[in-house]
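For the numbers below, each heavy atom of this structure counts, side chains included, while hydrogens, waters and symmetry mates do not. Counting convention: from 1, in listed order, for ligands and their atoms alike. If you read the sequence from its start, that first residue is 1, and numbering goes on from there. Nothing here was measured: the structure is a model prediction, and the numbers come from that model.
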Amino acid sequence: MHLRALLPSLAVQLLAWPQVSQARAVEDSQYQRVGRAVNGTSPCNQTALPVCEEFTVPIHVDKTAPGEFSLENYNIKSLFAFAGRQVLVEADYDMSVRLCEPAAGIERKDTLQLLLHGATFSKIMWDFPYKPETYSWTRFMTNAGYTTLAVDFIGVGNSSKPDGLFEVHTETFVQTIHNFIQTIRAEGFMGRTYDKIAMAGFSVGSIVANSIADRYPDDADIIVLLGVTWDLLWVYPAFLSGMQTDAGVIDPERWGYLPDFYQTHPSIEAREVACFWGEFDEGALEMDFETRDMDTLGMAISFTYHLVTAKEFSGPVFLGIGQQDTTFCRKTCGSQPYAVYDRFPQANDHVVKVYENTGHALMYHHAAPNLYRDVQDFLDSHI
Ligand SMILES: *[C@@H]1O[C@H](CO)[C@@H](O)[C@H](O)[C@H]1NC(C)=O
Ligand SMILES: *[C@@H]1O[C@H](CO)[C@@H](O)[C@H](O)[C@H]1NC(C)=O
Ligand SMILES: *[C@@H]1O[C@H](CO)[C@@H](O)[C@H](O)[C@H]1NC(C)=O
């Protein structure tokens with residue numbers, strides 16, 4: 001097949017590249033290297049630190065909803081477009097990603113973990129700076145031989161910050177991640193190709209993975225869903241109980257530059273209501289609050305439309321959730337997590353793990369090391 005037919009978005013990226021950045025291309029790649037490689041071995045013990053670098057990836061999305069969308073002409077069609085899982089605006093974005101490779105001396109597995117963060121989180125969540133020897137997913141997984149690639153969704157972290165209603169919403173996340181996976185499948189990433197891609201998401205990141213598994217069942221070989229079910233009764237009340245507020249109002253100095261409709265938790269108490277329950281360190285909550293990021297009105301309106309049945313996905317799927325995930329399990333989980341059997345009816349394996357005394361942001365609770373071991377066991381048995 002002709003390369004251009006195979007990779008229309010990549011072709012656009014390559015054409016657009018010289019105009020969008022003055023930075024030099026790295027190793028014949030269209031990706032801009034942002035971070036510095038950090039590697040070494042922790043002096044106090046033998047925990048190997050991964051080699052991590054940040055890159056900027058240009059991504060194009062095509063508009064799929066008919067009509068023009070603007071605040072001046074705001075009408076019900078935007079809701080219908082969100083419900084139809086459509087893209088409302090054609091655009092080019094920069095997506096910030098962080099690649100972490102196992103330290104020298106660790107045998108590398110040929111599976112790439114693609115990591116999708118939750119709403120008001122960023123890619124930082126996968127390499128949590130609080131007691132990273134315990135809480136960093138990235139450190140744990142790279143020690144187990146996996147390469148991790150954590151993205152900032154469009155509108156988040158170091159990615160582009162376009163319109164918070166018509167551009168930063170769930171289908172934009174789905175299409176940008178799908179396009180990125182197509183590129184990785186065709187040519188690898190930074191000189192390496194992978195035998196398998198394991199897509200792991202938390203909360204809205206899981207919902208994006210669910211939506212991709214439905215529309216593009218061959219994108220990921222393995223799926224890991226964290227902090228999600230398909231029970232919608234408490235989702236919006238719990239989401240609203242986090243009291244998310246216009247980011248520019250919460251902290252004008254830090255966030256005043258953001259466009260309209262970017263929002264986050266205004267206080268540590270609100271953050272705790274949204275994300276924590278049971279057994280966790282106060283320090284983890286404090287670090288999480290400090291490093292929190294944004295979601296948008298567009299994301300908030302659209303995300304439940306992407307909780308779907310992935311009829312054709314035939315790989316294995318893991319679902320991990322806190323027993324007291326009030327957003328997706330009401331007060332306490334009953335049968336909700338096991339809906340993964342119906343929602344991934346063709347999956348060749350289903351593993352469900354529910355962690356006691358644990359709230360929504362399960363990897364920031366004492367359950368984190370158990371979760372990481374469970375996910376590693378699951379992945380190891382399927383690669
Ligand atoms: C990190 O590792 C790379 C490749 O293994 C090496 O070239 C580089 O010098 C190392 N950097 C540090 C700070 O140790
Ligand atoms: C070394 O690792 C242990 C557990 O694996 C951890 O408790 C300890 O804090 C680590 N020390 C440093 C300096 O990273
Ligand atoms: C964005 O980039 C800055 C500077 O390199 C870095 O300190 C910060 O952690 C990055 N943020 C995210 C979400 O990756």
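Atoms of ligand 3 found under 4.0 Å from any heavy atom of N158, numbered from 1 in the order shown, are 1 (C), 2 (O), 3 (C), 8 (C), 10 (C), 11 (N), 12 (C), 14 (O). Numbered from 1 in the order shown, with element, the atoms of ligand 3 that lie under 4.0 Å from a heavy atom of G157 read 13 (C). For ligand 3, the atoms closer than 4.0 angstrom to any heavy atom of D152 are 12 (C), 13 (C), 14 (O).
For E54 and R33, the salt-bridge test fails: no basic side-chain N is under 4.0 Å from an acidic carboxylate O. Using a 4.0 Å cut-off between charged side-chain N and carboxylate O, R330 and D325 make no salt bridge.
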- Message: Checking E101 against R108 for the salt bridge (charged side-chain N to carboxylate O under 4.0 Å, His left out) test, could you report, in this order, the C-alpha distance in whole Å, the side-chain angles of both residues, the deciding distance, and whether it holds?
- Response: CA-CA 8 Å; E101 312 233 29; R108 288 165 170 214; 3.0 Å; yes
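Counting heavy atoms closer than 4.0 Å to ligand 3, residue K123 contributes side-chain atoms (C-beta onward) but none from N, CA, C or O. Counting heavy atoms under 4.0 Å from ligand 3, residue D293 does not touch it at all.
Checked against the 6.0 Å centroid criterion, the rings of H169 and F153 do not qualify as a close aromatic pair.
Between S122 and ligand 3, not a single N/O pair is under 3.5 Å apart.
Using modelled atom types, one finds no donor on one side chain facing an acceptor on the other under 3.5 Å when comparing Q323 with W277.
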